[in-house]
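The structure appears right after this line, and notes come after that.
Just so you know, residue 1 is the first one in the sequence shown, and it goes up from there.
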Amino acid sequence: MGKYDRLIDKILRGTSDANIPFDDLRTLLLCSGFDERIRGSHHVYRKEGIEEKLNLQRDGSKAKPYQVRQVRFIIIKYHLADENDVQI
């Protein structure tokens with residue numbers, strides 16, 4: 001099981017939303033095919049076929065817990081954990 005497989009499992013478990021490294025979450029989204037746009041401290045992610053946009057900000061070196069929950073919602077709703085397109 002690779003680093004990002006473990007990260008997806010950690011996000012889906014939901015037991016440590018306050019302990020997800022921002023850079024790891026950012027790389028996971030980029031490797032999953034999301035496009036990134038940065039405006040100041042806001043990192044906005046969009047992907048074709050996904051209605052919602054994700055707007056992430058750093059909380060120190062970690063992602064904000066409520067934003068990790070938003071990512072979990074997108075992963076579950078669109079079955080992104082079932083895709084094997086994360087190649088790291």
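Between K64 and D17, no side-chain nitrogen of the basic residue sits less than 4.0 Å from a carboxylate oxygen of the acidic one, so the salt-bridge criterion is not met. Ion pair R46/E52 not flagged as a salt bridge, since none of the NZ, NE, NH1 or NH2 atoms sits closer than 4.0 Å to an Asp/Glu carboxylate oxygen.
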Passes side-chain contact (heavy atoms from CB on, under 4.5 Å), I11 versus R69? Steps please. CA-CA 8 Å; I11 291 169; R69 287 191 294 275; over 6 Å; no

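Between I50 and F34 the shortest heavy-atom distance is CD1-CZ, 3.7 Å. Across Q67 and N55, no two heavy atoms sit closer than the pair NE2-O, 3.1 Å. I75 and L12 make their closest contact through CG2-CD2, 3.7 Å (heavy atoms, listed as atom of the first residue, atom of the second, distance). Shown here for E51 and Y78, the closest heavy-atom pair between the two residues is N-OH, 3.3 Å.
Two residues are said to be in side-chain contact when any heavy atoms from C-beta on lie closer than 4.5 Å; L54 and L29 meet this criterion. Contact annotation: the side chain of L28 approaches that of S32 to within less than 4.5 Å [non-hydrogen atoms, C-beta and beyond]. The shortest side-chain heavy-atom distance between Y45 and V71 does not fall under the 4.5 Å cut-off. In this structure the side chain of I38 never reaches within 4.5 angstrom of the side chain of V44, judged on heavy atoms.
Here D24 contributes atom CG and R6 contributes atom CZ; the two are 10.5 Å apart, rounded to the nearest 0.5 Å. Distance CG/L30 to NE2/H43: 10.0 Å, rounded to 0.5 Å. Atoms NE2 and CD1, from H79 and I74 in turn, are 12.0 Å apart once rounded to the nearest 0.5 Å.
Listed by first then second residue, pairs satisfying salt bridge (charged side-chain N to carboxylate O under 4.0 Å, His left out) with a partner in residues 32-42 read R26-E36, not counting sequence neighbours.
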Below 3.5 Å, can you tabulate the donor-acceptor pairs from side chains in residues 56-63 to any protein atom, sequence neighbours excluded?
from	atom 1	to	atom 2	distance (Å)
Q57	NE2	S41	OG	3.3
Q57	NE2	H42	NE2	3.4
R58	NH2	D23	OD1	2.7
K62	NZ	N19	OD1	3.1

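Crowding of K77 atom NZ: a count of heavy atoms from other residues, nucleotides or ligands under 6.0 Å exceeding 12.
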